[in-house]
Protein chains: 2
Amino acid sequence: MTTLASVAAVLRCFSEERTELTVTDVAALLPAPKSTVSRLLRAMRDTGFIESVGETKRYRPGVMLFEAGHIYRHASTLVERADEVVKAVSAQVGHSGYVSVRDGLDVVGLTYHAGSHVLRVATPIGRRLAAFASATGRTLLARLSDEEVRRLYPTLPTPPSPNAPQTVEELLVRLSQVRREGFAESNDEANRGVAAIAVAVGDPETREAVSLCVTFPAATITPGERNAILQGLLAGAKRISAILGDGRNHNTKTN
Amino acid sequence: MTTLASVAAVLRCFSEERTELTVTDVAALLPAPKSTVSRLLRAMRDTGFIESVGETKRYRPGVMLFEAGHIYRHASTLVERADEVVKAVSAQVGHSGYVSVRDGLDVVGLTYHAGSHVLRVATPIGRRLAAFASATGRTLLARLSDEEVRRLYPTLPTPPSPNAPQTVEELLVRLSQVRREGFAESNDEANRGVAAIAVAVGDPETREAVSLCVTFPAATITPGERNAILQGLLAGAKRISAILGDGRNHNTKTN
DNA sequence: ACACGAGTTGCAAATTATGGAACTTTTGGA
DNA sequence: TCCAAAAGTTCCATAATTTGCAACTCGTGT
C-alpha cells in the first residue's frame, strides 16, 4: 500500500459517527501495525491532512480538507444549477431535497434543503449510500450501459433492505425502467417510512452527472404532491439539460 | 519532499480562482519536474484526492475531500454555536456575518450568512486572509501571548493595505487593544469600503478558537447599528464561553 | 506535413516507508 | 498512590516507493 493509499484509507475512516481517530482506531480499521500508523498520522498532521484535537492524541480532519472540499463543491456549474432546482421544488412542496453524485458504488450527498414538513431526514451532505439501493444512485447508474453496470457490479453487495434490488438482473430491470420513465423512486428503502423521487442530469463537457432528489413520507404523500415533485424535478432537469447540452435527459414520459 | 508534502502542496494550489489544475500548472507552481508531477497527479487521481474533469487532462479536487471537509466543519460544537450567534446578529442587523478559524498565519472562513443589505462581500467560506491584517485574525492572535505572536511573526509579511499593522510592534499594540476591549475592528482593510467587527471565543477542551464577525459598509453604518453588532457578538460569545468554559472571553468592556 | 507543447514512460539511483521489537507515556483500577 | 495494561513512539535493517533525466507519445495549430 502506497502512502497515498494509506492516507486515503485513513480519511475514509472518518464519518459523522466517527469524527475523531486515534492510532489504535486506525490500526484496527486499516488494518496496519501501530508503528506504521503512528508515523502516518504524525506525517498527516504535519502536512495538514489532520489536526490534533487540543492536546490529546485524537485526530480529526484538517482545515485544508475543508478548503479543498469547498472548492470541489462550488466549482461545479451543474451542481449549482441542480441545487437551484431542488431548492425550488423543495420549497414548493415543503419536503426535503438534495443533490448527489456517484463515486464508484456509492452516492454522496452534496447539498441539502430541509423541508418545512415535520419529516426531517438527517442531512445527506457528505453521507454515502449504496448506489444500487437508492433512487438517486439508480438514476445515475441508469446513465451507464448494461455492460458498464455489469462490470461495476460483478456481484451485487448485500441489499440493505427488502425493497432494494436483490440481484444484478433485478437491478438491470430497474435501471431499464428508470431509463424509460426518466426518474427513479425508492420506498422504505434507505430510510424507514421515507420515499424518494430522483432525476439525473449531466454535463457532457465535464462528464459530471448529478441526481436531483426529493424525499417525503411514504404513508402520507398525496398523488398531487407526488406529481408536483416529479414534474418539478423533471422540468428542472430538462432546463439544465438544454443549457448544458446533455441530450441524455430521461424525460421521455410525463407519467 | 515527501509524498504527503507534495500532495498537500498540490491541494493548496487549488483556489476559487483556480479550480482545475494540469500537469504543467502544477510543475510550475510547486515547482517540480513534469515527470514527477505527471505521476503524482495520476496517483492522486487513483486514490481519490483529485478527479479528472471529463476526458480532459485537467484535474480538480475529488469528492473524498468534500466528505472529509464536511466532517471537519460539522464536528465542531464551537463552530456550530458561533454560527448560530453570527446568523442571529446578521439577521438582526441585516449585514453579512461569518465564522473563521486561524490556520498558521492565515484565517479561513468556515460559515457565512449573507446580509439583506445591498453590500454583499464574496463568500469567505474556504477563503484565506492574512491573520494580522484582518479583524477576525487579530481576535484570534490576541488569544496568544506576545511571545507566541513574536514567534509566529519573526517579521511581518507585507501589509496588504495601509490600514493594516505595518510592523510587529504595531501588531502587538493592536492585539493588546483587542484584549482590553474584547473585540477587533477593521476598516477599509480587507475589502474596500467595508468594515468589520469581530469577537473570538474558544473551547478549552478541544483548544479550538473561532472568530465571529459581521461586515458592513464603512461609510453608511450608524452608531446604533454598529453598537447592535458589537453587543450581539459580545453577548453571543459570552454565552458560548459560559457553556464551554472558555474563561478567556474578552468581554471586559461594554464600550 | 511538421513543429511545438503537453503529458507519459523507462530505468537506475535516491529517498522514504515499513514492521518487529524495545521503549515511553498515559490511563484506570485497586 | 501504585502498578499493570494499554496507548503511543522510536530504532533500525530491509523493503518499497519515488525521483529526475531523457526519450517517447499524443494532440494541436499553422
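Keep in mind it's a predicted model, so treat the numbers as computed, not measured. In what follows, every chain begins at residue 1, and chains take the letters A, B, ... in the order their sequences are listed.
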Which heavy atom of A/Arg12 sits nearest a heavy atom of B/Gly48, and at what distance? NH2-CA, 4.1 Å

Should we count CD of B/Glu205 as having more than 12 external heavy atoms under 6.0 Å? no

Considering only heavy side-chain atoms of A/Ser35, the closest of D/dT10, D/dT9, D/dT19 is D/dT10

Rounded interatomic separation in angstrom, taking CG from A/Asp46 and C1' from D/dT9: 14 Å

Between A/Leu41 (CG) and D/dA7 (P), how many Å, whole number? 15 Å

Whole angstrom is fine here: how far is it from NZ in B/Lys34 over to C1' in D/dC21? 12 Å

Most 5' of B/Thr2 and A/Asp25 on DNA chain D, judged by nearest nucleotide: A/Asp25

Under 4.0 Å from a heavy atom of chain A: give me the 5'-most and 3'-most nucleotides of DNA chain C that qualify. C/dA17 to C/dA21

Judged by atom type as modelled, is there a donor-acceptor pair below 3.5 Å linking the side chain of B/Thr2 to the main-chain atoms of B/Ala5? yes

I would like to know whether B/Glu20 and B/Lys57 meet salt bridge (charged side-chain N to carboxylate O under 4.0 Å, His left out); could you show each step before the answer? CA-CA 10 Å; B/Glu20 298 174 359; B/Lys57 295 293 173 67; over 6 Å; no

In whole Å, I'd like the distance from the CZ atom of A/Arg58 to the P atom of D/dG8. 10 Å

Looking only at side chains, do A/Glu80 and A/Thr77 share a donor and an acceptor under 3.5 Å apart? no

Please state how far atom CZ in A/Arg42 lies from atom C1' in D/dG8, giving the value in whole angstrom units. 11 Å

Any donor-acceptor pair under 3.5 Å joining the side chain of B/Arg39 to the base of D/dG20? yes

Does B/Thr24 reach a base, just sugar-phosphate, or nothing at all? Heavy atoms under 4.0 Å. sugar-phosphate

Between B/Phe66 and A/Leu110, is there a side-chain heavy-atom distance shorter than 4.5 Å? yes

CG of A/Leu21 versus P of D/dA7: gap in Å, rounded? 15 Å

For B/His70 and A/Ile125, indicate whether the former's side chain and the latter's backbone hold a donor-acceptor pair under 3.5 Å. yes

Spacing of A/Lys57 atom NZ relative to D/dA6 atom C1', expressed in whole Å: 13 Å

